[in-house]
Every structure is written in structure tokens, then in C-alpha cells.
Amino acid sequence: MKEMLRGKIELALRELLDAVDDSDILPEFAIEVPRQKEHGDFSCNAAMLLAKRLRKKPREIAEDLTTRLGNAGGLIDSLEIAGPGFLNIKLADSRWHDLLHDVIRAGSQYGWSASQPARDGAKPKVQVEFVSANPTGPLSTGHGRQAILGDCIARLLEATGWDVTREYYFNDGGRQMRVLGESVKARYLEGLGLASPPSKAALANSEKNWEEEIDGLPVVFPKDGYQGDYIKAIADELRESAGGALVEEPGEGRFREEAQRVIFEDISKTLVRIGIDFDVYFNERSLYDEGKLDEAITDLREAGLIYDSEGAVWFKATARGLDRDRVVIKGTGEPTYLMPDIAYHRDKFRRGFDLVIDVQGADHIEQFPFVREATAALGVPADQIELVLHQFVTITSGGEKVKQSTRKATFVTIDELVDDVGRDVFRFFMIERKPDGHLDFDLDLAKDKNWRKNPAYYVQYAHARTFGIERKAQKLGISMPEANAFDATRLALEEEIALVRKLTTFPDVVRRAAESREPHHVAYYLREVAGLWNPYLQDGDRHRVLSDDASLSAARLGLALAIRGVLASGLELLGLDAPESM
RNA sequence: GCGCCGGUAGCUCAGCUGGAUAGAGCAUCAGGCUUCGAACCUGAGGGUCGCAGGUUCGACUCCUGCCCGGCGCACCA
């Protein structure tokens, strides 16, 4: 609809410019749905944009445009010039009619369009990398936000014509995992009575007051170790299955492997619970095994971006405009995390992705420019790597922030939250805010089962009600109308027109959410639709969907079908159920 | 100190590549309500868009400076 209108306006503009021998490109004018309904169905700012160029008053240009546009082949009912030179357009009634029918036909995929051009007949390939947590413990709320954000971005990209791969990157070779293994080993020895746990005071006070021995037993728990109860649980299981056979085990490797296995299983279950399915789990280790790390270093060295200093190997980031250089191989011979990251991103492009999106927490901001510059130096176009950064999550309960600490393992896990509120509410709350901003998870509101208050239920209920009405209609012997078998002009009430207008903006919302990587627009939009539909149904005195007036009933049932399609489509994009009853 | 992100109604937050009178939910207040699924509905109050300049026909939106908050600035991931 909007595109057709745009086409007509572009044509008129071209004519107008040709008339003064101006063959430059057309200005990027906007067509939008005005806030005030008095301003018509659409408004256009083209005349104002041309004022300077044509050295004429905007209103005069608008006059000219109006005559050239005419009724635009039956598209337009009336045109008005308003304010500084806005062109306010009222569409012909028949157009609304067509539009509703289009919505119903598209159903739960309304608004999904290939806004991304296909390449050689195939969809462009995009990889979305998210979560990527190392298996050191259960997923926390922060991971939860990232999981839902990444998944929704992936869904939006799929809906707009991309071939999407969801990827999870992890490493099990670093210090983190070593400390994890040591933590489990310590708990294991403690369980056998061969070691003492550190005092509570020592644990609470970070590195201070760490005793070497308590009650005649050595304290082996690492100072920055993982304190969560899940560590003990893993140690207990090992003790049950292997008894004391692992006491002589050198190092922490055996314990680390077991911990990793158990924790990863746990993470996978959590991800399944919240409706997330990765296509690829990428292990850092394969980069070493396949020589990709060495290759990246060699190539960077050839590019003159690697040098040796103070016993370490450095990436010369300053040569590419960054403010300092970074170590990529430590004095110990171990690579820092940066080096595999570089090799990893290069590898992504070798796998043929046209675009790579990294979803990361705000604490990773420092890292990204180095990866981007290094991979750019290796020939990866910088604009094909994108970073979506999200801020942290806080939880509010009873009007107070819930205190969380990663080190002490007192953070709230995804599982705990989902136990409380369920998958759909969890997802909705996690996606409701724009990624840039902090997210305050209102636990009390999330737990509230009242559909009117809890926004997730509010939207789902609006969808379910379309089926409620259908069930009612069936009882009355009224069948649902075919997409093109009702008279949409019967929808003449203010609130009905508001609903239809709202439905028409959905494709714009989807495109914008996809292109900006901001799924929260969809969540807001759904609330707005539900916010029109729920009160409409509530106010049965003014209008009832099912009445003695057959053609009016049919039109309103048609409206219900269109709303059902839009809500189902939006809910799907957010990964929520679209229930038929609640 | 430097970098990134926020600062919009009492609270939590939307606000499109700059557009016409800045919106929603919760909370508050007033009046309704025996329902196509009423723990609901209708309406009202509530704003120096952090502050100060600048660009523009037009600024919550763009630019500069400052203030407040979060995060980051490792041979940790």
C-alpha cells in the first residue's frame, strides 16, 4: 500500500523536477502515518524537502504535486496541504478493503517480506552469534537477555529474507575452565575429608585472610574459585561414582572435563526450555587443531601488524587507528583470548556468510574494535561484521533490586526465573526493552497472572479472544468469512478504523525491527494492537462483533481474522506461543 | 583521566533516516459495570524531554560543552 503510494509520488516528483530541467536524484522523502487522524491516512514531507532546491515555497510545491498526483489511479480519495507544507493523504475506502483482505491472506506470516535482495537466486547468509557462555555455571539473567535478543534478531532476519545460522562459541582451554576444575577438585577432596573448605569470612572477603590449613587439613579451594552449590553437586556425583579413586588424579583435568560435561548439559536444557536452538556449537579448540590460529598470526605478521616485545607477541592495533597495542601471545606461550577471537571471525567469513552479527554484553565493548581491525587487515570487510551490544539486567522484586554477585554465585539463573514466570513471560520481558538500555525485570509484574496487567498475557489473550469469538460464532451457526467475502467498509467506527490503520503499519515495524536489530519494536507494537483490540471487545455495549446484522458481523469477524494474523505473526517473531485459548 | 551506553509523567519505559498538540503500562483520582471470556470499562490529573549553547522552515531526535548513573580501559574470558 505504502509502496504503491510512494511510487506514485515519486512519479509526480520526477515530472515536477523535469519541468525545471532538474535531473538530479529525488530527495528521500518520508511517508508516514500521522499521529493525528485529522491529518489523513498518510502524510508526506516531500514538498518541504524540495523548497530550497526549487527556491519556491513548500506550500506552492505541494499545490503543484497535488494536481500532478490527482487520485493516483484510484488510490487516493483526497489530498490536503497542511501546516508548513505537509501533503495529507486520505486513501480511497476500497483500498482499506483490499488491505484487510491482504492481511487475512498472509495470516501468521503477514509482514514477512524479503527486504533483503537475494544473491544469485539464493538468500544472503547471516550468522548470529550469541550466548557463547563458557560452561562454568548455570546461565544467568544476563545470558538470558542475550539469548532472547539473539534469537529474536535471528527470527526477524529469517522473516526478512535471510538465511540465518545461530551459533554458540565457547572455549574450554582457558584459565576460567582450569579454575572451574580446581574448584570441583577441592570440593571433591573436602567431601572425602581430605581438605578443609575455606572459612566463610575468607570467601566473603575476596582474597584476604585465606588460611592454608583449617583443623589440620589443607585448604585447596582456589581463591577465585567458583563457590556455587552446583560445584559441590558435581563433586558429590564424582564421589558417588568413583569413590576415592580420583584422589591421586594429577591436576584438575579430569574434574574440569566432568564439570564441563555436566554444566553444558544443564545449559542445553535451559536453552531448550526458553525455546532456543543453535545450529552450530563452535569450540575454540578446533581453531588450534586446524592450524587456523597460527595461520592468522602468520598472515598478520606478514601484514606488518605483529611484533615481539617483552617476551610476548603483540598486535599492532595502533597502526590501524586504535589507541593501544594488544598482546596476542603471552610470555608463557599461551595465546590471549583475543587471538582465537580474530581467527574465529576470519573463519566465519570463510564459511561464506555475507554478514556476521555478534550479540554481546556491554562489558565486551573494549574487545570488539580489535577483532574488527584485525579481521579487516585479513581482508574481511569491516561493514560485514556487526556488533549488537546490550546492557545489563537487574531484577526488581517488592520494589527493591535483587542483589546479585557472580563470584559468590548468588545470581538469579534463567531456570529459577522460568520456574517462576514461564517461558513466554520470560521471553517477553527480556525483549521488551531496547538493547542499548538497562533492563529492569519486574518480577512481581512478571509473576502476575492477571492478563490485564501482565503485558505478555495481555497480548496472548488478545490473540486467544479471536478464537473465543470464532467459537461463539460457531455456536450461533455463523461461519468465519473468507478473506475477500466481506464488506470492509462496514467497519466505520472510530475504533475500528484505528485498528485497521494500526494493522497496516505492521510490515514497517517488522522491517525496522529487523534492520535496526531491535526486536523490542515488535513487542511494543503488539501491546498497542492488543491495547486497541481488548478494549474494543470489552465494550460490548457500543458494538458487538456478532449481531443480527449479517454483513456487519461478517466485517467484524473479518477484522478479528486480520488481527489474529498480525498478532500470531508478531508473537512468532518473538518466539511466544499464540494460544487459541488461555 | 579516556571510551561506550543511558538520563523523557510518581515508577518502568516507547518515541521511525529531524516533522504538525511528546505517548504507553503500572500507580493515583473520579464515574461506571450482571459480562461475544469483567480480578473489568470510561475518563481525568500528571512533563523545564538532565543542563547550556549551536545547526534548521522545524530538534526528544543532529553537533559542541557540562552534570548524573551504568559498564569498560589485563600477558582474565
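Here is the naming used below: chain letters follow the sequence lines, and residue numbers restart at 1 for every chain. When reading the values below, keep in mind they use all heavy atoms of this one structure, side chains included, and skip hydrogens, waters and symmetry mates. Given the structure is predicted, the values throughout are model-derived calculations rather than measurements.
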> In whole Å, what is the span from the OH atom of A/Tyr169 to the P atom of B/rA77?
Replying inline: 10 Å
>> Any base atoms under 4.0 Å from A/Phe392, or only sugar-phosphate, or nothing? Heavy atoms, all strands.
In response: sugar-phosphate
> Under the side-chain hydrogen bond (donor to acceptor under 3.5 Å, both in side chains) rule, what pairs show up with a residue in residues 317-331 of chain A, not counting sequence neighbours?
Replying inline: A/Tyr307-A/Asp325, A/Thr318-A/Asp325, A/Arg320-A/Glu373, A/Arg326-A/Tyr337
>> Restricting to side chain to side chain donor-acceptor pair (under 3.5 Å), what partner residues turn up for A/Ser551, sequence neighbours left out?
In response: A/Arg490
> Quick one: A/Leu139 CG to B/rA77 P, roughly how many Å, whole number?
Replying inline: 20 Å
> NA contact type, A/Asn45, heavy-atom cut-off 4.0 Å: base, sugar-phosphate, or nothing?
Replying inline: base
> Which of these nucleotides, B/rA77, B/rC40, B/rC16, is closest to any side-chain atom of A/Asn134?
Replying inline: B/rA77
> Are any of A/Lys330's side-chain N or O atoms less than 4.0 Å away from OP1 or OP2 of B/rA74?
Replying inline: no
>> Do A/Arg564 and A/Phe467 form a cation-pi contact, if we require the NZ or CZ to be under 6.0 Å from the six-membered ring centre and within 45 degrees of the ring's axis?
In response: yes
>> Once you apply a heavy-atom cut-off of 4.0 Å, does A/Met177 come out as touching a base, just sugar-phosphate, or nothing?
In response: nothing
>> Of the options B/rC36, B/rA14, B/rA77, whose atoms approach the side-chain atoms of A/Asn171 most closely?
In response: B/rA77
> Going by the side-chain hydrogen bond (donor to acceptor under 3.5 Å, both in side chains) test, which pairs reach into residues 441-455 of chain A, not counting sequence neighbours?
Replying inline: none
> So, A/Tyr525 versus A/Arg512: side-chain donor-acceptor pair below 3.5 Å or not?
Replying inline: no
> Listed by chain and number, what are the ring-ring contact (aromatic ring centres under 6.0 Å, His included) partners of A/His390, not counting sequence neighbours?
Replying inline: none
> Of all the nucleotides listed (B/rU12, B/rG37, B/rG72), which has the minimum atom distance to the side chain of A/Glu366?
Replying inline: B/rG72
> Taking the nucleotide of RNA chain B with the closest heavy atom to each, which residue, A/Gly331 or A/Pro535, is nearer the 5' end?
Replying inline: A/Pro535
> Regarding A/Arg6 and the six-membered ring of A/Phe29, is the cationic atom NZ or CZ under 6.0 Å from the ring centre and inside 45° of its axis?
Replying inline: yes
>> Among B/rC40, B/rC5, B/rU17, which nucleotide has an atom closest to any side-chain atom of A/Ala30?
In response: B/rU17
> A/Leu50 CG to B/rG58 P: how many Å, rounded?
Replying inline: 18 Å
> At under 4.0 Å between heavy atoms, what does A/Ser581 touch on the DNA or RNA strands: base, sugar-phosphate, or nothing?
Replying inline: base
> Given the P atoms of B/rG25 and B/rA44, what is the spacing between them in whole Å?
Replying inline: 12 Å
>> Are A/Tyr281 and A/Phe278, when compared by the centres of their aromatic rings, separated by less than 6.0 Å?
In response: yes
>> Checking A/Tyr536 now: which residues fulfil ring-ring contact (aromatic ring centres under 6.0 Å, His included) with it, not counting sequence neighbours?
In response: A/Trp533, A/His543
>> Give me the distance, rounded to whole Å, that separates B/rC60 from B/rC16 when you measure between the P atoms they each carry.
In response: 12 Å
Anything under 3.5 Å between a protein N or O and an N or O of nucleotides 23-26 of chain B, put it in a table, one pair a line.
unit_1	atom_1	unit_2	atom_2	d
B/rG25	O4'	A/Arg527	NH2	3.0

>> Using atom C1' in both nucleotides, what's the gap between B/rC73 and B/rA14 to the nearest angstrom?
In response: 32 Å
>> Going by side chain to side chain donor-acceptor pair (under 3.5 Å), name the residues that satisfy it together with A/Asn171, two or more places apart in sequence or in a different chain.
In response: A/Glu284
> Which residues within residues 310-325 of chain A lie with some heavy atom under 4.0 Å of an atom in RNA chain B?
Replying inline: A/Glu310, A/Ala312, A/Arg324
> What does A/His364 touch in the nucleic acid at a heavy-atom separation under 4.0 angstrom: a base, only the sugar-phosphate, or nothing?
Replying inline: base
>> Taking only the P atom of each, what is the distance from B/rC66 to B/rA74 in whole angstrom?
In response: 24 Å
> Under the ring-ring contact (aromatic ring centres under 6.0 Å, His included) test, which residues partner A/Phe86, sequence neighbours left out?
Replying inline: none
>> Can you tell me if A/Phe86 is stacked onto the base of B/rA20, using a 5.5 Å centroid cut-off and an angle below 30°?
In response: yes
> Is there ring stacking between A/His39 and B/rA20, where the centres must be under 5.5 angstrom apart and the planes under 30 degrees?
Replying inline: yes
> A/Thr136 near the nucleic acid: base, sugar-phosphate alone, or nothing, with a heavy-atom cut-off under 4.0 Å?
Replying inline: nothing
>> Nearest to the side chain of A/Ser43, heavy atoms from C-beta on, is which of B/rA20, B/rC75, B/rG19?
In response: B/rA20
> What nucleotide among B/rC76, B/rC71, B/rG15 has an atom nearest to a side-chain atom of A/Ala362?
Replying inline: B/rC71
> What residues form a side-chain contact (heavy atoms from CB on, under 4.5 Å) with A/Ala82, not counting sequence neighbours?
Replying inline: A/Asn88
>> Just to be sure I understand the rule, does A/Asn88 reach a base, reach only the sugar-phosphate, or reach nothing, if contact means heavy atoms closer than 4.0 Å?
In response: base
>> How many whole angstroms separate atom NE2 of A/His438 from atom P of B/rU8?
In response: 13 Å
>> Please report the distance separating the C1' of B/rG31 from the corresponding atom of B/rG45, rounded so that it comes out in whole Å.
In response: 15 Å
> What dot-bracket string describes RNA chain B from 5' to 3', counting Watson-Crick and G-U wobble pairs whose defining distances are under 3.5 Å, with [ ] for crossing pairs and | for pairs to another strand?
Replying inline: (((((((..((((.....[...)))).(((((.......))))).....(((((..]....))))))))))))....
>> Can you check the distance between B/rC62 and B/rG70, where both ends of the measurement are the C1' atom (answer in whole Å)?
In response: 25 Å
> RNA chain B: A/Asp448 or A/Ala82, which has the more 5' nearest nucleotide?
Replying inline: A/Ala82
>> Rounding to an integer number of angstrom, what distance separates B/rG10 and B/rC5 when you compare their C1' atoms?
In response: 25 Å
> Contact class for A/Ala473 vs. all strands (heavy atom < 4.0 Å): base, sugar-phosphate, or nothing?
Replying inline: nothing
>> Counting only side-chain heavy atoms from C-beta out, which of B/rA14, B/rC5, B/rC76 sits nearest to A/Gln391?
In response: B/rC5
> Who passes side-chain contact (heavy atoms from CB on, under 4.5 Å) against A/Leu293, sequence neighbours left out?
Replying inline: A/Tyr288, A/Pro335, A/Met339, A/Pro340, A/Ala343
>> As a test of reading the structure: which of B/rC40, B/rA77, B/rA14 is closest to the side chain of A/Asn450, going by heavy atoms?
In response: B/rC40
> Mind checking the C1' distance from B/rG69 to B/rG23? Whole angstroms is fine.
Replying inline: 25 Å
> Counting only heavy atoms not in A/Lys348, do more than 12 sit closer than 6.0 Å to its NZ atom?
Replying inline: yes
> According to a strict under-4.0 Å criterion, is A/Asn534 in side-chain N/O contact with OP1 or OP2 of B/rC41?
Replying inline: no
> Considering all heavy atoms of both residues, which atom of A/Leu13 and which atom of A/Ala46 are nearest to each other, and what is their separation?
Replying inline: CD1-CB, 4.1 Å
